[in-house]
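What follows is a single structure, written as structure tokens, with notes after it.
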2 protein chains.
Amino acid sequence: MVNYQHALDRTFAALTDPTRRAILMRLEAEEACSVSALAEPFAIKLPAVMKHLDVLHEAGLVSRSKTGRTVTVRLIPEPMRDAMEWLERYQRFWTPRLDRLAAYAEAQEAAMVKGHGL
Amino acid sequence: MVNYQHALDRTFAALTDPTRRAILMRLEAEEACSVSALAEPFAIKLPAVMKHLDVLHEAGLVSRSKTGRTVTVRLIPEPMRDAMEWLERYQRFWTPRLDRLAAYAEAQEAAMVKGHGL
DNA sequence: TCAATAGTTTTCCACATGGTGAACTATCAA
DNA sequence: TTGATAGTTCACCATGTGGAAAACTATTGA
């Protein structure tokens, strides 16, 4: 319970930074990337990228495996699934089908209540 | 484009804190809440809650409207929709194709039912 | 009018974050 | 062996975040 919250904290925190989201998007397209390949598109220096990778790693969103002198970074998507599941709670607000069904259900309920003179 | 990124930054940042997520959940269930009613379940003091509300407000996730001396806080779910849409990119990693087909079929069925005056 | 209630603002604190430059380790290749 | 390449670590800085206490404003009800 508490741990679950903790994990969500880290996940959302990791997703906060645009550089980190860009890294995740890159890994969604590319599957396996070296650290310097990941860093190349950005204006920031390697140590900064390193820190972002640390945050992503601590959030359980990437794995790092060393072969020779290069480190391969891979996406671990599971934590994002939990984040999405948390957000799904709010889907009813923008999903028209569910909206209308909910409105209908509400109207029915209201009618019932009225009908029973409450 | 840049603004969009900015908005997502704020959204994910707002979702990072468990207190803020709890506030959003409360507003999902309750629709309209006063500041002190929102603050009541937490161990932290009012000024801290105030700061959380500021963050949520800056992220466009809640509205505040004053009537008399009480301020009513309401959920604005739209930014979370954008966050979900960003995350949907990764759905393919955990949603087998059949799941998506099932969801589609379910939606179709619901549409049919509605069309027939349910 | 006066006290209680609802919120806000201010000042302060400890700590996290995102960045830098410089120095370091480890591996590959000439 | 020696130099380039890949990555890491360290010390530092400015800024942001989450919290508290205290003092404040504004509204309501007795």
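Residue numbers begin at 1 in each chain, while the letters A, B, ... track the order of the sequences.
- Taking the centre and axis of the six-membered ring of B/W86, the NZ or CZ atom of B/R89 falls inside the cone set by 45° and 6.0 Å.
- Atom P of nucleotide C/dA16 and atom CG of A/D54 are separated by 15 Å, given to the nearest angstrom.
- B/R10 places its CZ atom 14 Å from the C1' atom of D/dT17, with the value rounded to the nearest Å.
- Here D/dC24 presents its P atom at 18 Å from CE of B/M50, a figure rounded to the nearest Å.
- The NE2-C1' distance, from B/H57 to C/dT9, rounds to 17 Å in whole Å.
- At least one side-chain heavy atom of A/W94 sits under 4.5 Å from a side-chain heavy atom of B/M84.
- Atom pair A/D9:CG and D/dT17:P shows a separation of 15 Å (rounding to whole Å applied).
- At whole-Å resolution of the value, CG in B/L53 and C1' in D/dT17 are 15 Å apart.
- The side chain of A/S36 contributes an N or O atom lying less than 4.0 Å from OP1 or OP2 of D/dG7.
- Residue A/R64 places no side-chain N or O under 4.0 Å from the OP1 or OP2 atom of D/dG7.
- D/dG16 atom P lies 11 Å from atom CD of B/E58, rounded to whole Å.
- Here A/L75 contributes atom CG and B/F93 contributes atom CZ; the two are 5.0 Å apart, rounded to the nearest 0.5 Å.
- Proximity of B/H52 to the phosphate of D/dG19: a side-chain N or O atom is located under 4.0 Å from OP1 or OP2.
- The backbone N or O of B/I76 lies less than 3.5 Å from no partner atom in the side chain of A/Y90, so there is not a single donor-acceptor pair.
- Across B/A59 and B/P79, no two heavy atoms sit closer than the pair O-CG, 3.7 Å.
- Distance, A/F12 CZ to D/dG18 C1': 19 Å, rounded to whole Å.
- When distances run from any side-chain atom of A/T70 to the nucleotides D/dA6, C/dT8, C/dG18, the shortest one goes to D/dA6.
- With salt bridges taken as basic N to acidic carboxylate O contacts below 4.0 Å, one links A/R64 and A/D54.
- Residues A/L38 and A/L27 are in side-chain contact: their nearest non-hydrogen atoms beyond the backbone lie under 4.5 Å apart.
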Can you build the contact string for nucleotides 20-29 of chain C? Use B for base contact, S for sugar-phosphate-only contact, and - for no protein heavy atom under 4.0 Å. BBB----BS-
